[in-house]
Structure formats: C-alpha cells, structure tokens
Amino acid sequence: MSLNVPNHKVCTWTQDYDNPASLATYTANGGYEALKKILAEKTPAEQIIEQLKISALRGRGGAGFPTGLKWSFMPRNYEGDKYIVCNTDEGEPGTFKDRDILRFNPHQLIEGMIIAGYTLGARAGYNYIHGEIFEQYQSWERALDEARAAGLLGNNILGSGWNFDLHAHHGYGAYVCGEETALLESIEGKKGQPRFKPPFPASYGLYGKPTTINNTETLASVPWIMRHGGQAFLDLGKPNNGGSKIFSVSGHVERPGNYEVRMGTPFSELLEMAGGVRGGRHLKAVIPGGSSVPVLPGATMMELTMDYDSIAKAGSYLGAGSVIVMDDTVCMVKALERLAYFYFEESCGQCTPCREGTGWMYRVIHRIEHGQGRPEDLDLLMSVGTNISGRTICALGDAAVGPVHSFLKHFRNEFEYHIEHKRCMVGA
Amino acid sequence: MLSTESLAQIDREIAKYPADQKQSAVMSALRIAQVEKGWLAPESIEFVATYLGMPTIAVYEVASFYNMYDLRPVGAHKLTVCTNISCQLQGVDAVVAKIQAKLGIGFGETTPDGRFTLKEGECFGSCGDGPLCLHNNHTLHTRLTADNVDAFLEGLK
C-alpha cells in the first residue's frame, strides 16, 4: 500500500514495509507530495479548509469535533505568532493508536502538521508526547531531524520562502494534560491544570497566542485528504463520519491491537479481526471509546457499527476508538473500582466537585467490592456523580461519572449482589 | 551541579521555545536532572530554577504535579506496572503477584538493598501490548506474563 492510491489504510499503510518509519519509505510511496503541491501552487488556506470540511474528518482524540470547522476558527489576519499543537498525550485507558503512528508513520504526522502550520499561518508547532512513551519521543525527534535535513522543516521550506519548525514536548505523567488547555499550561512549564473557557485556544492559546490543537491521528489524516480530496475520504466512511479510523482493541480478545477500518464497520467484524472473544467465551460488555465513555452490554454492541453517530445513538461515545472488551468472567464491581481509582488519582485538584467527588466514588465502590457495601451506597454513588457532572472546568469530572452511572445502569444487579452477599456473583 | 552533558541536553530543550519562554523547558530539565542524579533532591530543583530563571516554588510545583518525577530516592531499578483496566483484563494481577513475591515488596516500596522500587502506574497508552512495566521511566517492557516475568527481572540485574 502507499499514499499514492486512496485505500482505507489512511494512517497505518507503512506497516507493510520493512522500515515503516523512515523518510525513504514515506517519500518512496507518495509521502510529502501533498505538501510539495501546496507549496508549489500556493494553495489558498480557504481551499484546504474547504476540503477538510467536505471530508467530514472529526477529531480523533475523543471529542469528534469537525476538524475543518476547528481550523476555520483561527484568526486569519492576526499579526503575530500563532501555533499548531499536536496532542499525543495518549493516556486514556484503552487508547494506544497514536503511539503506533509515532512508531510506524511519523512522517505522515509531520507532513500533516506542516500543512496545518501553512494553512493556519503558524510560526511553529509542538507535539506533546505522553510521558510513559519516552522511546517514541526520541524516535519522533529523530524523524524531525530527518525532515529538517531534507529541507522539509526550518527556513525556506522546499524553496518556498516559508519558515516553519516543529518540536517535541515530553510529558511526565499526568492524564489531565490530554485536555487541551491543561496541555498548553504544561508546554508553558506549569502544572497541567485546565483553563477556564472561553477564551478558547483559537484566540488565546499557547503563550496567549492563537493556537489550534488536534489529535495525532487527525493531523496524520490530513496528507491523505489533501492528496485524494475530501470527497474520497468521506466516501471511505459514511455521511458525517468520514474516513477510516484506527480502533484500539484491548481486553478479552485473542489479538489485542490496532485495526484501521472504515467508519461504519460493524462491531462484530472488528471483534473478529481481533480474533474474537478470548477462548471463545461469551461477550459480556464493551467500553467502545476509552475508559471515560459509558459501558454497553455485549448484545447491544453486536448490533452497532463503529462510527460516531451509531455509538451515540446507543447511549455511549466512539471517543478515541478505544474498544475495551470484557468477557463473562469479569466482575463489573472490580472493573469499576479500578476505573474509579484512576480518575481519583488523576484529578488535578482544581475543582472541588471533581477533586472530592472522585475520591468519594472510589471509596464507596471500593467498600462494595470488599464486602462492606451498604444498601444506600448505590443511591449515594448516583448522587455524587450527578453533583460532579457539569460542575467542573474540564471534562475529567464528567469522564469519571460516565463509567459509574453506566455500570450501575446496565449491571446494577451485580452491585446489589455484592452489597447483599458481601461477595461476587460472577463465578459464584 | 549538573554535568556538562546534562546541561547541553537542557540547552537543546530551551532552544525549542521562544527566547522569552525558557520556563517551557522545565519538564525536560527536571527529567534530565533526575536521570543524572537518580531522583530530584531539593538542590536539584533549586538548580533547575536558577538555570531557567524561575522561582523555586514554581519548579517544585511542576515536580510534584507530574507523577514520573521522584521527590524521594528510589531503587536502582524503578519498576512501574500499569494496573489499569486493559492491563487488568489482560492478566496484570498475576504478574504483580509474582513480582511482589519475588522482590518481597509491595507498591510504593523499595527493597532493603536499594536495588528495586515498585510502583503502581496509570495508563501508559500502550494497552494492546499489555501487561506493561516501565523500567526507570523510559523503557517499556511489554506482554508480561506470570511465566516470563522471572526472566524479565533477571534481565535487569
């Protein structure tokens, strides 16, 4: 496969090659052609944004916001520095697609960021890389060096007279920095606590300058769209859900891993690609978009297709496409206890409802799991959750509540059994 | 206070940001200091603050916010094991039990000989390769099982 033909492996096609991450592999197969054309023809920014809008590319980091629309928010005639920032702070449990883009296709991300920089009039770009993947921070810096040596970054890029550079910023262990304004604070050398919005980053972003922040997979999709047009990308998926998407499948499947498929692919097909449920067991539940989105019963999932609209209609979210599969051996109380601990541990502490509420939720679920639950605990959990929702600066509070409310909605009987019998009904 | 090599690395980080935004290099500077010294003693934090022209308290705030910085001494081998949902489903509990039995320590503890520190980690963003163990913050070991974890620990000696 290559970038020369519009196939559905938008971000993962280099994995067919021996040296997937090298500049040579990328350029030999159509890489940087889109950028060359844009610079040679001086393609107007409006035209690039128009193609993105046609493509129906939506933010791959979880929010699903239309990318073309986001880019159009950047002030066109602002005199001064502007920035493009890539969010590779991938730490949502179940999510591991962006690491593979850095490992196997770093140049497509670089090309996407350069095109973004050109379109938005940025002076520089930063890629914020999750703390725990230091090896990818180093390898992406090596890819930047290769690009710089080839005249693709720096001053007078490809003889165009345009200057632009990219840098990697390494995180060091804070889930909340995946929130875009916390990420900006972190690049500025502060603790990563989200900013109150508005103002939005497009008007007041990095160092107070207009800034656009996109997810890694979003930016890596841009060269494909520029090469083959927005319509071709849209046609890979379905209306309002353009393109392909990398789904990270983990948990109880035979082959956990990343699978890039067209938007709208049935969940059952994706599950089959991952080898099906481990040991041929019964599918109990699926978290379809990363730990923050509501869990769905397995039977519901088997009826759904993998796209934003289908999953939303069933009461959850596609999120970052992080599919966590659970078979019938899973105790839902224990699973929720672990998730609740995560949000308690990662709350930045800025907003009282989240700082205190995540601790309360964890402690209550912990005591249910350990045979000390009280009959009123389930109402208490619902109440704490309701008092966090919508009362915090960023989405981490709501992210902590989503699992709690949905686990109780779909698997309430397991929690009640735990409280009444002081032990688990799974395997009992 | 830091070696010439470490300072050169910090200078490379500073150069990534606008000239009036040296503070942006603080996370990298702390990482580089920690790699050289093993942990972030108050003197190291003060040194980074002076080097970047920041108030010491602002550097301390960063060092105490991000969980990969060690504000107390750790063993020669710091092992951080992700126990989050995907790794849990993929069998990390058995791996942790084996490591704890072998080293004789629990999470947050260091072996008496100062060789190993064991920490519980949150998602490393690599779940497809789980269970996972991060060695000294920078090297990720993947697909651990109760069967191969002995060989993994032996390999660190």
Side-chain angles (χ1 to χ4, degrees), chain A residues 81 88-100 123-124 126 130-135 138 165 167-175 177 186-193 207 248-252 255-258 287 291 322 324-327 330 334-335 338-339 341-342 345-346 348, chain B residues 12-13 15-18 20-32 34-35 48 52 54 58-69 80 82-93 119-130 132 134-140 143:
Chain A
D81 295 339
T88 313
D89 193 23
E90 186 178 47
E92 165 104 354
T95 311
F96 50 94
K97 64 190 179 60
D98 298 335
R99 168 173 172 252
D100 273 4
R123 73 174 288 278
Y126 295 95
H130 192 47
E132 286 85 347
I133 54 169
F134 185 70
E135 287 148 307
Q138 290 182 307
D165 215 341
H167 306 284
H169 185 101
H170 188 221
Y172 227 56
Y175 166 68
C177 288
S186 187
I187 297 181
E188 292 182 4
K190 304 169 192 161
K191 54 184 176 176
Q193 291 190 320
Y207 309 127
S248 304
V249 185
S250 67
H252 289 157
R255 289 188 299 275
N258 284 315
I287 302 176
S291 66
S322 323
I324 304 170
V325 175
M326 297 183 241
D327 72 17
V330 174
K334 186 179 176 193
R338 187 61 187 83
L339 289 177
Y341 180 76
F342 171 68
E345 171 72 24
E346 296 295 334
C348 80
Chain B
R12 277 200 292 278
E13 295 292 334
K16 293 177 178 177
Y17 307 97
D20 58 349
Q21 300 290 347
K22 272 169 95 172
Q23 176 168 347
S24 283
V26 67
M27 291 181 70
S28 294
L30 287 171
R31 164 175 53 82
I32 292 160
Q34 179 166 290
V35 167
V48 167
L52 296 177
M54 291 171 67
V59 178
Y60 183 77
E61 207 171 55
V62 169
S64 59
F65 185 84
Y66 300 91
N67 66 30
M68 289 165 68
Y69 297 117
T80 312
C82 173
T83 58
N84 215 307
I85 186 82
S86 296
C87 284
Q88 184 182 69
L89 295 171
Q90 287 162 215
V92 78
D93 287 357
K119 283 190 71 173
E120 185 170 29
E122 294 299 344
C123 188
F124 301 163
S126 311
C127 327
D129 290 333
L132 307 161
L134 196 57
H135 177 233
N136 288 345
N137 299 319
H138 293 169
T139 309
L140 193 61
R143 296 178 192 273

(request) Could you tell me whether the side chain of Glu132(A) reaches within less than 4.5 Å of the side chain of Glu122(B), counting heavy atoms only? (result) no
(message) At a 4.5 Å cut-off on heavy atoms, which part of Thr95(A) comes close to chain B: side chain, backbone, both, or neither?
(response) backbone
(request) Against chain A, label Thr80(B) side chain, backbone, both or neither, depending on which of its atoms sit under 4.5 Å from a heavy atom there. (result) neither
(request) Measure Ile187(A) against the heavy atoms of chain B and call it side chain, backbone, both or neither at under 4.5 Å. (result) both
(request) Check whether Asp129(B) gets within reach of chain A through its side chain, its backbone, both or neither, counting any heavy atom under 4.5 Å. (result) side chain
(message) For Glu135(A), which atoms come within 4.5 Å of any heavy atom of chain B: side chain, backbone, both, or neither?
(response) both
(request) Heavy-atom distances under 4.5 Å only: say whether Ser64(B) touches chain A with side chain, backbone, both or neither. (result) neither
(request) List the steps and the verdict of side chain to side chain contact (heavy atoms under 4.5 Å, CB included) for Cys348(A) and Lys191(A). (result) CA-CA 9 Å; Cys348(A) 80; Lys191(A) 54 184 176 176; over 6 Å; no
(message) Looking at Arg99(A) and Gly125(B), would you say the former's side chain and the latter's main chain have a donor-acceptor pair under 3.5 Å?
(response) no
(request) Measure from the side-chain N and O atoms of Tyr69(B) to the backbone N and O of Met27(B), and report whether any donor-acceptor pair falls under 3.5 Å. (result) yes
(message) Go through it in stages, so that I can follow the logic: the residues are Ser126(B) and Ile133(A), the test is side chain to side chain contact (heavy atoms under 4.5 Å, CB included), and I'd like the CA-CA distance, side-chain angles, deciding distance and then a yes or no.
(response) CA-CA 8 Å; Ser126(B) 311; Ile133(A) 54 169; 3.7 Å; yes
(request) Check whether Cys177(A) gets within reach of chain B through its side chain, its backbone, both or neither, counting any heavy atom under 4.5 Å. (result) side chain
(message) Heavy-atom cut-off 4.5 Å, strictly under: side chain, backbone, both or neither for Gln138(A) against chain B?
(response) neither
(message) Quick check against the 3.5 Å criterion: does Glu92(A) have a side-chain atom that pairs as donor or acceptor with the backbone of Ser291(A)?
(response) yes
(message) Please classify the contact of His170(A) with chain B as side chain, backbone, both or neither, using a heavy-atom distance under 4.5 Å.
(response) both
(request) Taking the side chain as every heavy atom from C-beta outward, state whether Tyr172(A) and Gln34(B) have any pair of such atoms under 4.5 Å apart. (result) yes
(request) Identify which of Glu13(B), Lys22(B), Gln21(B), Met54(B) forms the greatest number of heavy-atom pairs closer than 4.5 Å to chain A. (result) Gln21(B)
(message) Atom OH of residue position Tyr60(B) - does it have more than 12 heavy atoms of other residues, nucleotides or ligands inside 6.0 Å?
(response) no
(message) Taking side chain as everything from C-beta outward and backbone as N, CA, C, O, which of these in Ser186(A) sits under 4.5 Å from a heavy atom of chain B? Side chain, backbone, both or neither.
(response) both
(request) Select one option (side chain, backbone, both, neither) describing which atoms of Tyr126(A) are under 4.5 Å from chain B's heavy atoms. (result) side chain
(request) Would you mind checking which part of Gln88(B) comes under 4.5 Å of any heavy atom in chain A, side chain (CB onward), backbone (N, CA, C, O), both or neither? (result) side chain
(request) Select, from Leu140(B), Asp20(B), Thr83(B), Leu30(B), the one with the greatest count of heavy-atom pairs under 4.5 Å involving chain A. (result) Thr83(B)
(request) Mind running side chain to side chain contact (heavy atoms under 4.5 Å, CB included) on Asp81(A) and Tyr207(A) for me, showing each step along the way? (result) CA-CA 9 Å; Asp81(A) 295 339; Tyr207(A) 309 127; over 6 Å; no
(message) With a 4.5 Å cut-off on side-chain heavy atoms, are Lys16(B) and Asp165(A) touching?
(response) no
(request) Tell me, out of Gly94(A), Gly192(A), Gly257(A), who's got the most heavy-atom pairs with chain B below 4.5 Å. (result) Gly192(A)
(message) Counting heavy-atom pairs closer than 4.5 Å to chain A, which one of Val62(B), Asn84(B), Val26(B) comes out on top?
(response) Asn84(B)
(message) Can you tell me which of Leu132(B), Ile85(B), Asn137(B) forms the most heavy-atom pairs within a distance under 4.5 Å of chain A?
(response) Ile85(B)
(request) Select one option (side chain, backbone, both, neither) describing which atoms of Arg123(A) are under 4.5 Å from chain B's heavy atoms. (result) side chain
(request) Any chance you could lay out the side chain to side chain contact (heavy atoms under 4.5 Å, CB included) test for His138(B) and Val35(B), step after step, and finish with the verdict? (result) CA-CA 10 Å; His138(B) 293 169; Val35(B) 167; 3.7 Å; yes
(message) Can you tell me which of Cys82(B), Gly121(B), Pro18(B) forms the most heavy-atom pairs within a distance under 4.5 Å of chain A?
(response) Pro18(B)
(message) Classify the ring geometry of His169(A) against Tyr17(B): parallel below 30°, tilted from 30° to 60°, perpendicular beyond 60°.
(response) perpendicular
(request) Determine the option with the most heavy-atom pairs under 4.5 angstrom with chain B, choosing from Lys97(A), Lys334(A), Gln193(A). (result) Lys334(A)
